[in-house]
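Letters go in sequence order (proteins before strands), and every chain restarts at 1. FYI, side chains are in, hydrogens and waters are out, and symmetry mates aren't considered; it's all heavy atoms of this structure. These figures come from a predicted structure and were not determined experimentally.
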2 protein chains.
Amino acid sequence: MPRTRRGRPGPLPLLDAEPAERADAARNRRKILAATRGLIARRPLERISLDEVAEAAGVGVGTVYRRFGDRSGLAYALLDESERALQESFLRGGPPLGPGAPPAERILAFLHAYLHRLLGELDLMLAAETAAPNGRHTGAYSTHRAHLATLLAELRPEGDDPGWLADALLAPLAAPLVRHQTRELGMTEAQIGAGLGLLVQALTAGSCAGAPRGQAAGDMPPEP
Amino acid sequence: MPRTRRGRPGPLPLLDAEPAERADAARNRRKILAATRGLIARRPLERISLDEVAEAAGVGVGTVYRRFGDRSGLAYALLDESERALQESFLRGGPPLGPGAPPAERILAFLHAYLHRLLGELDLMLAAETAAPNGRHTGAYSTHRAHLATLLAELRPEGDDPGWLADALLAPLAAPLVRHQTRELGMTEAQIGAGLGLLVQALTAGSCAGAPRGQAAGDMPPEP
DNA sequence: AACGTAAACGGAGAACTCTCCGCTTCACAA
DNA sequence: TTGTGAAGCGGAGAGTTCTCCGTTTACGTT
C-alpha cells in the first residue's frame, strides 16, 4: 500500500514554483522514464515489476519509489505529456475545444478529445487509475472537472450542481469501464462518442429548445 | 494477480444449479466469512491481510484463496446479502422500484436505492471494486446494467444505445468516485440523489415533454 | 579548492499476495 | 463397514511491493 508521493518536478498540476530539482535527481528521473517506455513497448505496465524498471534504468528500487511512489505514479508521469497537450488545447486552443465556442460544443469537444486520448493510451490510463486507489486526487482530474463544471454552469445557470454533473460526465470515461466496453463488448469510439453526444444533448435540452432527436454525434474521429 | 475464482455456492448471478457444495467446504466458507466480518468491525478490509483472515478463521491461506480468489472476492461474498435484497426488490418488489411504475420512475428509484446501499456499505464496495480490477465482470454489474438498459429502451425507443446509457448512469455511482464526493468533498446523499434525478429527467425530456426545470428530486432517504 | 548540509541513493529486508501440489477428508456405493 | 475417486485443505515458497536508514552526492558558501 503506497504511502509516499512527491509529485515533484511539475507533472499535472500545471502550476509550480518549487525549489528546483537537483541535477542527479533529474537525470535519474529521465533514466527511469526512458527505461519504462522501453519496457512498455513489450508488455503492459501492469505486468512489469518496479524492480525490473529499476534494473533497466540502472538505479536502485528505492529511487524508483522515491520519485514515483508506485506504479500508478509512474503511469501518471508517463501520461504527463499528453495531459499537458490536452490542457493546452482546451485552455488556450481554438474552438470548439478552446474558448470561443458555445458551452455545449466545448463540453462535447472536450469529452470527445478525452475519449480519443483515453483510447490511445488505455493501458497507461488503466495502470494510472487502477491501484491509484483514487485518480481523483490527481491535479489532472480536478482540472478536467473544474473545466467541465465551468462550462456546465454556463450551460445551465438554473442552479443545479455543476460539480456533480462534471463528475457524472467524466465517470463514463473511467478507464476500466471503457476498457470493458471496447475490449470485451466490442464497442467503438464512435459508439461511445455518440452516447456522450446524447448525454450532452439531453443536458442542453434541459431548458428544452426542442431537441430534435436522431442526429446524435456527427464529428468523430474515424473508425472502421 | 488473481486468476482463480469459483463463484460457487450461489452468490450474485442468482441463477445456479451446480453439483452442490461439500459439507466441509461450506463450513469453512462460513468460518471465513464470519471471521472476516469480525475483523472488518475493527478496520477496513483493505487493511486486513488474507493471512490474517485465514488465521482468524482457523484455516490455511490456501483455503481462503481457493474459496474467494482474492480480497475483492471476499468483499463480493460479504455483499451478497444486500445484493440479493436489491435484486429482489427491483425484480419482484412493488413500484416504483419493482414492475408497475413507468420506466423513468423505476430508473430513478433504482439509482436511489443503489446509491443508498452504496453509502451504507461503502468500504466493502470499495474493496470489492478496487483490486477487482473490473467490477464489471460480476454478475451483479451486468444484472444492474441489463435492468437499466431494458428500462431505458422502454423510455426512449428512438434507437440510441441503451447499454451504453446504462453504463453511463451507473458510472457516477462507482464506489471510488462516491467515496471522494462524500468523504472528501462533503457531498450528501441528497445532493447526489438530486444530480441523478436531474440526469434521468434530462434523458426523459429527450423526447421533449416540456421539462419544467427546477423541481429536481423529491423522494430521497432523509439526510441531516 | 575545500566544506557542510540538504537532498538523493540503493539495497536489505519486512510484509503481502498468490500458487503449487502432496496429503486428507468427504460422500456415495457396494 | 470398507473402498474409492473427487473435492478440499494448507503451508511452504516464489515473486512483489514498499520502507528504512546508513552512505553518497550535489552545489552554494567560504
Check every atom of [options] against the side chain of [X] and return the nucleotide holding the closest atom.
X        : options                 : value
Arg67(B) : dA8(C), dC9(D), dC18(D) : dC9(D)
Asn28(A) : dC9(C), dC18(C), dG8(D) : dC9(C)
Arg27(B) : dC9(C), dC9(D), dC26(C) : dC26(C)

If you pin Ile48(B) and Ala25(A) to their nearest nucleotides in DNA chain C, which one's is more 5'?
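Whichever sits nearer the 5' end wins; that is Ala25(A).
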When you measure from the side chain of His180(A) to the backbone N and O of Leu185(A), does any donor-acceptor pair fall under 3.5 Å?
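A pair under 3.5 Å: no.
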Residues touching DNA chain C, which here means a heavy atom under 4.0 Å, drawn from residues 49-57 of chain B
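Contacting residues: Ser49(B), Leu50(B), Asp51(B).
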Could you list, one pair per line, each protein nitrogen or oxygen that sits under 3.5 Å from a nitrogen or oxygen of nucleotides 27-30 of chain C, together with the distance?
| from | atom 1 | to | atom 2 | distance (Å) |
| --- | --- | --- | --- | --- |
| dA27(C) | OP1 | Ala23(B) | N | 2.9 |

Please report the distance, rounded to the nearest Å, between [atom1] in [X] and [atom2] in [N].
X        : N       : atom1 : atom2 : value
Tyr65(B) : dA14(D) : OH    : P     : 17 Å
Leu45(B) : dT17(C) : CG    : C1'   : 14 Å
Asp70(B) : dC16(C) : CG    : P     : 17 Å

Could you check whether atom CZ of Arg42(B) has more than 12 heavy atoms from other residues, nucleotides or ligands sitting under 6.0 Å from it?
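Not buried by this count: 12 neighbours or fewer within 6.0 Å.
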Would you mind telling me which of Arg47(A), Arg71(A), Arg43(A) makes a salt bridge (charged side-chain N to carboxylate O under 4.0 Å, His left out) with Glu52(A)?
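Answer after filtering Arg47(A), Arg71(A), Arg43(A): Arg43(A).
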